[in-house]
*Asks:* 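Before I ask anything, here is the structure I am working with.
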Amino acid sequence: MPSWLLGLGKGLAWGLIGAGVKHYFLRCALRKTKVETHEKTEKIILNCYYVRYVVNLIVLVGAYFLFAADTLSLIGAALGLTIPKYFLSFLKLD
């Protein structure tokens, strides 16, 4: 197996884990908004997006330090963070 494929795969797996965490936070926030008032709903959604951006940063910085700044691992992590969004929107699940 080529070494570039292994680096890309590790980054992709790391990014998909981060995407799963982000999706979990989004589901929890949406569940909370069903029972709250409009003012609290705005705060819940805003806090959810702040947490999602922090998760993005943690995943990308973590990929940088875990995989010794391998460019393909960083590309894989970025792809792993973004690919699930396209599948979910295509399937209308999100």
Side-chain angles (χ1 to χ4, degrees):
M1 178 182 336
S3 63
W4 63 268
L5 189 60
L6 184 62
L8 189 67
K10 288 190 297 186
L12 187 64
W14 181 250
L16 287 172
I17 290 170
V21 170
K22 288 183 351 178
H23 189 69
Y24 172 76
F25 284 134
L26 180 63
R27 288 283 186 187
C28 288
L30 290 176
R31 200 173 309 126
K32 288 179 188 177
T33 60
K34 292 181 181 177
V35 295
E36 296 294 336
T37 62
H38 181 68
E39 293 81 23
K40 281 200 151 199
T41 299
E42 288 178 355
K43 290 180 183 178
I44 290 170
I45 296 295
L46 189 63
N47 286 337
C48 175
Y49 281 106
Y50 286 147
V51 169
R52 287 171 55 105
Y53 283 121
V54 168
V55 170
N56 278 342
L57 288 173
I58 290 171
V59 167
L60 291 174
V61 170
Y64 180 80
F65 287 114
L66 282 176
F67 306 125
D70 182 24
T71 305
L72 289 171
S73 295
L74 292 173
I75 291 171
L79 285 174
L81 286 171
T82 57
I83 285 175
K85 176 179 72 171
Y86 297 114
F87 282 117
L88 291 173
S89 64
F90 178 70
L91 297 174
K92 305 284 188 220
L93 295 177
D94 196 19

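The figures that follow rest on heavy atoms only: side chains count, while hydrogens, waters and symmetry mates do not.
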*Asks:* Can you tell me how far apart CH2 (Trp14) and CG (Leu74) are? Round to the nearest 0.5 Å.
*Replies:*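 With rounding to 0.5 Å, CH2 (Trp14) is 12.5 Å from CG (Leu74).
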*Asks:* Which of these passes side-chain contact (heavy atoms from CB on, under 4.5 Å) with Val54: Asn56, Leu57, Ile58?
*Replies:* Ile58
*Asks:* Roughly how far apart are Ile17 CD1 and Leu12 CG, rounded to 0.5 Å?
*Replies:*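 Rounded to the nearest 0.5 Å, the CD1-CG separation comes out at 10.0 Å.
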*Asks:* Quick check: do Ile45 and Leu30 have side-chain heavy atoms less than 4.5 Å from each other?
*Replies:*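 Ile45 reaches Leu30 side chain to side chain.
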*Asks:* I need the Thr37 OG1 to Ile44 CD1 distance, nearest 0.5 Å.
*Replies:* 8.0 Å
*Asks:* Can you name the nearest heavy-atom pair linking Ala77 to Ala63, along with the distance?
*Replies:* CB-CB, 3.9 Å
*Asks:* From His23 NE2 over to Leu16 CG, what is the distance, rounded to the nearest 0.5 angstrom?
*Replies:* 13.0 Å
*Asks:* What is the distance from atom NE2 of His38 to atom OG1 of Thr33, rounded to the nearest 0.5 Å?
*Replies:*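 Interatomic distance, His38 NE2 to Thr33 OG1, rounded to 0.5 Å: 11.5 Å.
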*Asks:* Check side chain to side chain contact (heavy atoms under 4.5 Å, CB included) between Val21 and all other residues, then give those that pass, not counting sequence neighbours.
*Replies:*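 Listed in chain order: Phe25, Val55.
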*Asks:* Which atom pair, heavy atoms only, marks the closest approach of Lys22 to Leu81?
*Replies:*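 In terms of heavy atoms, the two residues are closest at NZ-O, 3.8 Å.
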*Asks:* Between Arg27 and Tyr24, is the side-chain contact (heavy atoms from CB on, under 4.5 Å) condition met? List the steps.
*Replies:* CA-CA 5 Å; Arg27 288 283 186 187; Tyr24 172 76; 5.7 Å; no
